Every structure is written in structure tokens, then in C-alpha cells.
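Order of the sequence lines sets the chain letters (A, B, ...), proteins ahead of strands, with each chain counted from 1. Keep in mind that what you see is a predicted model, and the values were worked out from it rather than measured.
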Protein chains: 4
Amino acid sequence: MGLDFEKDKPIYQQLIDRLSGDIIRRVRKPGDKLPSVREYAIDVGVNANTVQRVYKEMESMELIETRRGQGSFITENEERLQLLRDSKKEDLVKSFIANVEAYGFSKDEIVELVRREIK
Amino acid sequence: MGLDFEKDKPIYQQLIDRLSGDIIRRVRKPGDKLPSVREYAIDVGVNANTVQRVYKEMESMELIETRRGQGSFITENEERLQLLRDSKKEDLVKSFIANVEAYGFSKDEIVELVRREIK
Amino acid sequence: MGLDFEKDKPIYQQLIDRLSGDIIRRVRKPGDKLPSVREYAIDVGVNANTVQRVYKEMESMELIETRRGQGSFITENEERLQLLRDSKKEDLVKSFIANVEAYGFSKDEIVELVRREIK
Amino acid sequence: MGLDFEKDKPIYQQLIDRLSGDIIRRVRKPGDKLPSVREYAIDVGVNANTVQRVYKEMESMELIETRRGQGSFITENEERLQLLRDSKKEDLVKSFIANVEAYGFSKDEIVELVRREIK
DNA sequence: GTGGTCTAGACCACT
DNA sequence: GTGGTCTAGACCACG
């Protein structure tokens, strides 16, 4: 179908984020088979090399496993998934806070904004 | 003196962020003169071209004004500065929320985390 | 091939003007790929950095779009292009008139001259 | 009093233009005394060096004459003034037309616009 | 191969 | 002294 990507972030990174999100949100579950590299590439409308890189990187994060001749699967190591979830969450919040402070916004102001925006 | 830069973000971008932060936090005030291109370059330990680029970009954002042969000055257009502050804040929160949702974290979970982290 | 530049105007500005003209005149059409930075640099006989700057500036004007690893393309946003054309035209005429008045030429005199010169 | 200058054109150039305009429009007439360098500098709010340059340059154009100990005066050489006027006019129109063509605007379109704008 | 960033160093115009 | 432009050359990330 072809997806829309933000142009200021690498496509492969955005794909990793998307897949990670799917996994965290349990849209894709442990043991699920991922589409083949070529299939997925066509699906989202990017170069196969890019998807290749995505899978490779997620493998090195131990998020997915590639079984020769069978394809790629989401790891069934639940602990690993929990870890991903936690570290991702922490990263997100930490970098958000860092930015907030760099720009000198008051804390109340931000908590308030986040709450309103998120509602 | 020489500053430390994150390596995954362009130096010029980090300098823009830093200066913008200073302006928003009123560490640098409307009408203030910025260091000369060369001076600032030595100060933070980068090439003069990089600072040149920073100033030029901030000028196109109408954050600073450059007067030929005299140097660069923070705009005295307070309205413009308020706009910067607001849009920066919105951008920050918006992109944070977007990430949060992409990763499927629950809203309460996030608000809670932010509050704890920020305290 | 190597091009000739006026010496009282920055090269990058002249290149922007030239390309903008090409786009307005439809010599280059929406969706067309521009030459790569390095290619164009050799083409017109300037440094690659200069072309880089040209493309970056045109991108910020939303005249072209740069797709990572693929190159730069003329925007397909026809509305944007029309806007460019109109504002460029207005700018030209406005600044011409301003000069004319600063020098105190009579209006008839100028209309007459323009008509003769343009014929 | 302090004047406002366009920031993309040298101040000294703008001052020359302004004075030339005054002369052409006969706001300042042949033989008139110009303000002293210092006086004029304060008047328009620029550095005295800048005015110095203006006078020097206009002198080399033979538009004004400086008499030691007396000040600067507009030349009484009417022929010279007429020449200035004509060449300035031609320059203006020529460069206007050049721009118009570079951007590919049709001639009718421009004549029309100029007439409307000038009315 | 493509754009993006950065450095070092030079030269110019302006105030 | 100040900004502005340009070159040459290098290195990196992306697709």
C-alpha cells in the first residue's frame, strides 16, 4: 500500500518504531510470523534493503528471531519484551524532560499540557 | 571553552536549540548582542562556518537580527519570541505524545511517569 | 559546462533564481528530478557546498523536496508553485516601482520606457 | 532622527540612492550645500564613516563637489545631472526587464502590472 | 550514489 | 572587527 514517513527521521528507524509499537501493543504477539522482507518492502513501499536492515537490527535487539528457510518471528522471550517496553518508556520520558528543561519551561506548565493533550 | 555535543544530532541544530533555550529562558534578552561569529565559534569549539549557519538560520526564524558590520542581536519583537516559545512547547509535547501512542503506552502510565520524573 | 555569474550577487542566489525561473517557466516540471548536488555542481562549475545550500534553501521555500538517498524533486504542490510565481512577480514589480519613485521619474515616462524596451 | 534601511542593501548605497533621488527630483538643487558629514550622520543615524564614503563616492561620480573648508555642494554641471538621470533610468528598466525575462513572465502581463501598480 | 554535516582557510564588503 | 560567500576536501548516514 505505501506508507507515509516523516522526512526528518530515517525510514528504517521509523519502521523499527512501528514494529516495536505493534509488539508492545500486542498487535503482533510473541511467536507471530513477520512478513517476508520482500513482502513487507512492497507493503510499505520502500526498498528491500531498508527492510533487511530493520529485521537485522531488531534481531540484534533480540526482538525477533530469524529461522533459516522459515522466516522471521517475534521472540517468545517475554522478559525481553518487557525490558524493551520499559527501556523505551524510560528513554521517551527522559529525553522529553531533558528537552523541556533545556527550553526552560516550568514543570507545572508541562504536566498540565501533557495532561490536556493526552486526554 | 569548548562544549560537549550529542553525536546523533547536528551541532548547528544543537546550537540553535541552546540559543533558543537561552532566549526563551531570558538568559539572553531582547536587544542583547550575541557574540560575534568567530568569537562564539572559538567559545564552543566549532568552526566559524557552523556558527554562521546557526545565526543565519535563527535570522530566518526572525529570532535574531543581523546588522551589517555590527553583529547579531536578539530581536526586540516580543510577540515573535512568545510565538517561538509557544510553538516550541507545543511541538515538544505533540511529538512526545505521538511517540507515546506509537509505542502503545497507556495515558495514565505516562502522565504518572512524567510527574514522577519531573518532580 | 560552467556558467557565468554576475559578480555583485551571490552565486547561490543566482542559482536559486535560475532554478526558480526554470520552474516557473515549466522548463522543469513538478515531480522532475533535479540533478544530484555533485552533478549540478560540476555542471555549473561551482563547489558542491554551494549547490547544497541552494537545494536546502529551495527546500525551505517548499519549492523542492528532498528524498533521502534518492535526490531532490520539484514539488508537485501546484498551488505552492503558483504562489511562488505570483509573489515573485509582485516582488519584482513592487521593487521596480519603489526604485522608480525613489529616483523621482514620472510614471508616464516609465510606462513608456518599459513598453518600448519590452517590445 | 534616524532612518530605516533595507537590510539587504548596503547603507551607503541606500544613502547615495536617496541623495541622487533628491537631486533628480530637484528637492536638492545644483549649488545647494549638503549637510556636513557629521551632521548628516547624526541626522540619519549612521556612522560618520559611512557618510564619508557616500560623499566620496558621489564626488567621484561628479555629482557633488567638495570645497575645502566650505563643505560639499551639488554640482552645477547640469549636463552631468542629466546624464545621471538618464543612465539611472536605463539601468533600472534594463535590470527590471532582465529579471522579468529570467523568470519567464509574459511581456503583456508585466506591462499590465506595471501600469496598474503605478496608477 | 545521494544528501548532510563539518573543517580549514581564504577573500570580500560593510561599518 | 563583523558578517557573508566560496572552495576543497573529508566523513557519515541512508536507501
Side-chain angles (χ1 to χ4, degrees), chain A residues 5 7-15 41 44-54 57, chain B residues 5 7-15 33-42 44-59 64-73, chain C residues 5 7-16 33-42 44-59 64-73, chain D residues 5 7-16 41 44-54 57:
Chain A
F5 295 99
K7 68 189 224 312
D8 48 327
K9 219 200 273 184
I11 290 179
Y12 84 89
Q13 192 49 263
Q14 296 182 53
L15 286 177
V44 296
V46 304
N47 190 300
N49 289 327
T50 305
V51 175
Q52 190 63 268
R53 178 169 184 177
V54 168
E57 214 134 313
Chain B
F5 295 102
K7 68 181 244 303
D8 49 322
K9 217 198 278 183
I11 292 178
Y12 81 88
Q13 194 43 272
Q14 297 180 52
L15 286 177
K33 185 178 185 309
L34 291 170
S36 86
V37 169
R38 288 159 172 90
E39 193 185 341
Y40 197 46
I42 292 171
V44 298
V46 303
N47 187 281
N49 284 321
T50 304
V51 175
Q52 182 79 18
R53 181 174 184 175
V54 168
Y55 282 13
K56 175 152 193 178
E57 204 130 322
M58 291 185 74
E59 168 131 45
I64 69 178
E65 284 167 20
T66 293
R67 298 180 207 137
R68 104 183 63 254
Q70 298 187 47
S72 298
F73 303 79
Chain C
F5 295 102
K7 71 181 244 300
D8 50 323
K9 220 199 275 183
I11 292 180
Y12 80 89
Q13 193 45 271
Q14 297 181 52
L15 286 176
I16 291 177
K33 186 178 184 310
L34 291 169
S36 85
V37 169
R38 288 159 174 88
E39 194 185 340
Y40 197 46
I42 293 171
V44 298
V46 303
N47 187 281
N49 283 322
T50 303
V51 175
Q52 183 78 13
R53 181 174 186 175
V54 168
Y55 282 15
K56 177 153 192 176
E57 204 129 323
M58 291 184 75
E59 168 132 45
I64 69 178
E65 283 168 20
T66 294
R67 295 177 209 140
R68 100 184 65 256
Q70 297 186 49
S72 298
F73 302 80
Chain D
F5 295 100
K7 68 188 223 313
D8 48 324
K9 219 199 271 183
I11 291 180
Y12 83 89
Q13 193 45 266
Q14 297 182 52
L15 286 178
I16 292 178
V44 297
V46 304
N47 190 299
N49 289 325
T50 305
V51 175
Q52 189 63 269
R53 177 169 185 178
V54 169
E57 213 134 314

Would you state whether a donor and an acceptor, one from the side chain of [X] and one from the base of [N], lie under 3.5 Å apart?
X: Asn47(C); N: dG9(F); answer: no
X: Asn49(B); N: dG9(E); answer: yes
X: Arg67(C); N: dG3(E); answer: no

TODO: Please assess Tyr40(B) against Val54(B) for the test side-chain contact (heavy atoms from CB on, under 4.5 Å), listing each intermediate value before the final yes or no.
DONE: CA-CA 11 Å; Tyr40(B) 197 46; Val54(B) 168; 5.7 Å; no
Task: Leu34(B), Thr66(B), Ile64(B), Leu15(B) screened by side chain to side chain contact (heavy atoms under 4.5 Å, CB included) with Met58(B), the one that passes - done: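 The passing option is Ile64(B).
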Can you tell me the distance, in whole Å, between the [atom1] atom of [X] and the [atom2] atom of [N]?
X: Lys9(C); N: dG4(F); atom1: NZ; atom2: P; result: 18 Å
X: Phe5(B); N: dT5(E); atom1: CZ; atom2: P; result: 15 Å
X: Asp8(A); N: dA13(F); atom1: CG; atom2: C1'; result: 15 Å
X: Ile42(C); N: dG3(E); atom1: CD1; atom2: P; result: 12 Å
X: Gln52(C); N: dG9(F); atom1: CD; atom2: P; result: 17 Å
X: Leu15(D); N: dT15(E); atom1: CG; atom2: C1'; result: 12 Å
X: Glu57(B); N: dG4(F); atom1: CD; atom2: P; result: 13 Å
X: Gln14(D); N: dA13(E); atom1: CD; atom2: C1'; result: 14 Å

Open item on the list: I want to confirm an ordering. Mapping Glu39(C) and Lys56(C) to their closest nucleotides on DNA chain E, which one lands closer to the 5' end?
Closed with: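 On the 5' side of the pair lies Glu39(C).
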Open item on the list: Pick the closest DNA chain E nucleotide for Ile11(B) and for Gln70(C) by heavy atoms, then say which residue is nearer the 5' end.
Closed with: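 Mapping each residue to its closest nucleotide by heavy atoms, the 5'-most match is Gln70(C).
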Please check the phosphate of [N] (OP1 and OP2 only) for any side-chain N or O of [X] closer than 4.0 Å.
X: Ser36(B); N: dG3(F); answer: yes
X: Tyr12(B); N: dT5(E); answer: yes
X: Thr50(B); N: dT7(E); answer: yes

Kindly compute the distance separating [atom1] ([X]) from [atom2] ([Y]), expressed to the nearest 0.5 Å.
X: Tyr12(B); Y: Lys9(B); atom1: OH; atom2: NZ; value: 11.0 Å
X: Ile11(A); Y: Arg67(C); atom1: CD1; atom2: CZ; value: 10.5 Å
X: Asn47(D); Y: Gln70(B); atom1: CG; atom2: CD; value: 8.5 Å

- [ ] With pairs defined as Watson-Crick or G-U wobble and both distances under 3.5 angstrom, please note down DNA chain E as a dot-bracket string, | for pairing with another strand.
- [x] ||||||||||||||.
Okay, side chain of [X], backbone of [Y]: is any donor-acceptor separation there less than 3.5 Å?
X: Arg68(C); Y: Lys7(A); value: yes
X: Gln52(B); Y: Val37(B); value: no
X: Glu57(C); Y: Ile16(C); value: no

Task: Per Arg38(C) side chain, nearest of listed nucleotides dC6(F), dT2(E), dT5(E) - done: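 The closest nucleotide is dT2(E).
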- [ ] Measure from the side-chain heavy atoms of Arg68(C) and tell me the nearest of dG4(E), dT5(F), dC14(F).
- [x]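 Nucleotide nearest to Arg68(C)'s side chain: dC14(F).
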TODO: Using a 4.0 Å heavy-atom cut-off across all strands, classify Arg53(C) as base, sugar-phosphate, or nothing.
DONE: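 Result for Arg53(C) = sugar-phosphate.
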TODO: Mind checking Val46(A) for me? I need base, sugar-phosphate or nothing, with any heavy atom below 4.0 Å counting as a touch.
DONE: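 Contact class for Val46(A): none.
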Task: Nearest-nucleotide 5' precedence on DNA chain F, Thr66(B) against Gly69(C) - done: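 Result: Thr66(B).
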